[in-house]
Amino acid sequence: LAGFTNNAGNQDTGAAVDKVFADQQAAMETAALSNTIGNPAEHHYQAAQIFIAAIPADIRTALESGYQVMLLLPALLLHKDESARMQQLRFLAQQLGAQRCEHIQRLHAALQTINTDARVPVLNLALPLIKEQPAGRLEYLGTLLEQLAMHDNQVDLFEYALLRIFQNYIQRAAQPAARRQWRTLKNADMQAAAAELLVVFARKTGARNADITGLVQQQLATLEISADDIPADNVQTNIRGNSNGWVNQADTALLRLQDCTPHARQQLVQALMAIALHDGHISQPESELLRAFCSLLECPLPPILGAV
């Protein structure tokens, strides 16, 4: 963050930040987006500078403090519904004490002054400092975040994205060189996992049930996977799945795909992007879930998709 001026109160800067994230709604092409995987260009850095310059002072302070940054993640998870949020705050007060709970509320208030699309970029800024915490504290934070997300017995797309990005980052930091048995998308197990992930993504990003099968089969064809090799009930089970069933389905598929070769995983990410862009746009929930999947597949996207 060094070298950037806090212009949170500057109207022109705020408008510029809103435009950066609003552009994320604009039409994109899969090729343009996929070319940014692990490959940020100059305009991505420029967009990031505009964003960082407008981070509110309270958030900036938290991002520079090993203590306060731990409170930033619960603040990101506070619900937009007041009744649900009050329930979460009561839980946090019991777990962390009144003083820390009040600090979380201040951070949440500061987060409300910036575009909601900035939530994942703020998370990404927080993670390098968070991973320096002792293992016991990280384990406690992970459990706290899971309980906070499940306060209403449901996990929404952003809650899933935050939890999995956090968990994956901490796990990779602790075990950076885990052994793999690489498999390509010619492997039947990889094919089934890829199909399951595509179906979950199509279902959770607003595609109509009638369109899901066609969207998935189209992308399976681009991956040279025959739909005949995928159990027919895979698609239908995911389409009819219960409110939280998709979480287990996504986690199972992503775990199996850890053994997929890097090139094949990049091809799968391109297929996910094509589904997200089937209507010519990428929405906030789509971008957050896509970013979570890309993080677990180790194919990072630039912090601000609107800069593509």
Peer 1: Would you give the length of the straight line joining atom CG of Asn168 to atom CG of Leu296, rounded to the nearest 0.5 angstrom?
Peer 2: 4.0 Å

Peer 1: Mind checking the OG-CE spacing from Ser83 to Met86? Nearest 0.5 Å is all I need.
Peer 2: 9.0 Å

Peer 1: Tell me the closest heavy-atom pair linking Leu162 and Leu73, and the distance in Å.
Peer 2: CD1-O, 4.2 Å

Peer 1: Taking the side chain from Thr61 and the backbone from Ala57, do they hold a donor-acceptor pair closer than 3.5 Å?
Peer 2: yes

Peer 1: Return the orientation label for the Phe293 and Phe201 ring planes: parallel under 30°, perpendicular over 60°, tilted otherwise.
Peer 2: tilted

Peer 1: Which atom pair, heavy atoms only, marks the closest approach of Leu148 to Gln88?
Peer 2: O-NE2, 3.2 Å

Peer 1: Distance-only, no hydrogens or angles: does the Glu288 side chain make a donor-acceptor pair with backbone N or O of Ala161 under 3.5 Å?
Peer 2: no

Peer 1: Could you grab the distance from atom CG of Asn124 to atom CD1 of Ile165, nearest 0.5 Å is fine?
Peer 2: 6.0 Å

Peer 1: Under a plain distance cut-off of 3.5 Å, with no hydrogens placed, do Arg164 and Gln167 share a side-chain donor-acceptor pair?
Peer 2: yes

Peer 1: Is there a side-chain contact between Gln270 and Gln219, using heavy atoms and a 4.5 Å cut-off?
Peer 2: no

Peer 1: Are the side chain of Gln112 and the backbone of Ala109 linked by a donor-acceptor contact shorter than 3.5 Å?
Peer 2: no

Peer 1: Check whether any side-chain N or O of Thr113 sits under 3.5 Å from a backbone N or O of Ala110 as a donor-acceptor pair, and report yes or no.
Peer 2: yes

Peer 1: Run the numbers on Leu220 and Ser226 for side chain to side chain contact (heavy atoms under 4.5 Å, CB included), then give the verdict.
Peer 2: CA-CA 7 Å; Leu220 288 176; Ser226 172; over 6 Å; no

Peer 1: Please determine whether residues Leu289 and Met150 belong to a single hydrophobic cluster, defined as Ile, Leu, Val, Met, Phe, Trp and Tyr linked transitively by side-chain heavy-atom distances below 4.5 Å.
Peer 2: yes

Peer 1: Compare every heavy atom of Arg137 with every heavy atom of Met70, then report the nearest pair and how far apart it is.
Peer 2: CE-CG, 3.3 Å

Peer 1: Less than 4.5 Å apart, side chain to side chain, heavy atoms only: is that true for Leu257 and Leu197?
Peer 2: yes

Peer 1: For the residue pair Val122 and Phe51, establish whether any side-chain heavy-atom pair is separated by less than 4.5 Å.
Peer 2: yes

Peer 1: Is it the case that the side chains of Gln68 and His103 hold a donor-acceptor pair, with the cut-off being a distance below 3.5 Å and no angle test?
Peer 2: yes

Peer 1: Does the side chain of Lys204 reach to within under 4.5 Å of the side chain of Glu286, using non-hydrogen atoms?
Peer 2: no

Peer 1: Are there over 12 heavy-atom neighbours, none belonging to Glu139, within less than 6.0 Å of that residue's CD?
Peer 2: no

Peer 1: So which heavy atom on Gly142 is nearest to which on Phe166, and how close?
Peer 2: CA-CE2, 3.7 Å

Peer 1: Are Tyr140 and Leu72 linked, directly or through intermediate hydrophobic residues, by side-chain heavy-atom contacts shorter than 4.5 Å (ILVMFWY only)?
Peer 2: yes

Peer 1: Evaluate the criterion side chain to side chain contact (heavy atoms under 4.5 Å, CB included) for residue pair Gln147 and Thr143; output intermediate values, then yes/no.
Peer 2: CA-CA 6 Å; Gln147 292 175 324; Thr143 301; 4.1 Å; yes

Peer 1: Give me the ring orientation class for Tyr160 and Trp246: parallel if the planes are under 30° apart, tilted from 30 to 60°, perpendicular past 60°.
Peer 2: tilted

Peer 1: Roughly how far apart are Leu297 CG and Leu272 CG, rounded to 0.5 Å?
Peer 2: 7.0 Å

Peer 1: Looking at Arg256 and Asp189, is any side-chain nitrogen of the basic one under 4.0 Å from a carboxylate oxygen of the acidic one?
Peer 2: yes

Peer 1: Is there a side chain to side chain contact (heavy atoms under 4.5 Å, CB included) between Arg85 and His108 once you walk through the steps?
Peer 2: CA-CA 11 Å; Arg85 186 168 64 253; His108 177 262; 3.6 Å; yes

Peer 1: Could you tell me whether the side chains of Glu196 and Thr252 share a donor-acceptor contact shorter than 3.5 Å?
Peer 2: no

Peer 1: Please report the C-alpha distance between His79 and Gln87 in whole Å, then the side-chain angles of each, then the deciding distance to 0.1 Å, and finally whether the side chain to side chain contact (heavy atoms under 4.5 Å, CB included) criterion is met.
Peer 2: CA-CA 9 Å; His79 206 281; Gln87 183 180 345; over 6 Å; no

Peer 1: Between Leu77 and Glu159, is any pair of side-chain heavy atoms under 4.5 Å apart?
Peer 2: yes

Peer 1: For Leu89 and Cys101, work out which heavy atoms get closest and say how close.
Peer 2: O-SG, 3.4 Å

Peer 1: SG/Cys299 to CZ/Arg291 distance, rounded to the nearest 0.5 angstrom?
Peer 2: 13.0 Å

Peer 1: Of the non-hydrogen atoms in Gln258 and Arg180, which two are nearest, and what is the gap between them?
Peer 2: O-NH1, 3.1 Å

Peer 1: Between Leu125 and Ile59, is there a side-chain heavy-atom distance shorter than 4.5 Å?
Peer 2: no

Peer 1: I'd like to know if the side chain of Asp81 reaches the main chain of Ala84, judged simply by a donor and an acceptor atom lying under 3.5 Å from each other, with no hydrogens or angles considered.
Peer 2: yes

Peer 1: Distance check, rounded to the nearest 0.5 Å: Ile212 atom CD1 versus Gln217 atom CD?
Peer 2: 12.0 Å

Peer 1: Would you mind reporting whether Gln95 and Leu144 have side-chain heavy atoms less than 4.5 Å apart?
Peer 2: yes

Peer 1: Under the criterion salt bridge (Lys or Arg N to Asp or Glu O under 4.0 Å), I'd like the reasoning laid out for Asp58 against Arg106: C-alpha separation, chi angles, the key distance, then a yes or no.
Peer 2: CA-CA 8 Å; Asp58 284 346; Arg106 289 198 298 272; 5.5 Å; no

Peer 1: State, yes or no, whether a side-chain contact exists between Leu163 and Phe158 at a heavy-atom distance under 4.5 Å.
Peer 2: no

Peer 1: For Glu298, is there an ion pair with Arg172 - N to carboxylate O distance below 4.0 angstrom?
Peer 2: yes

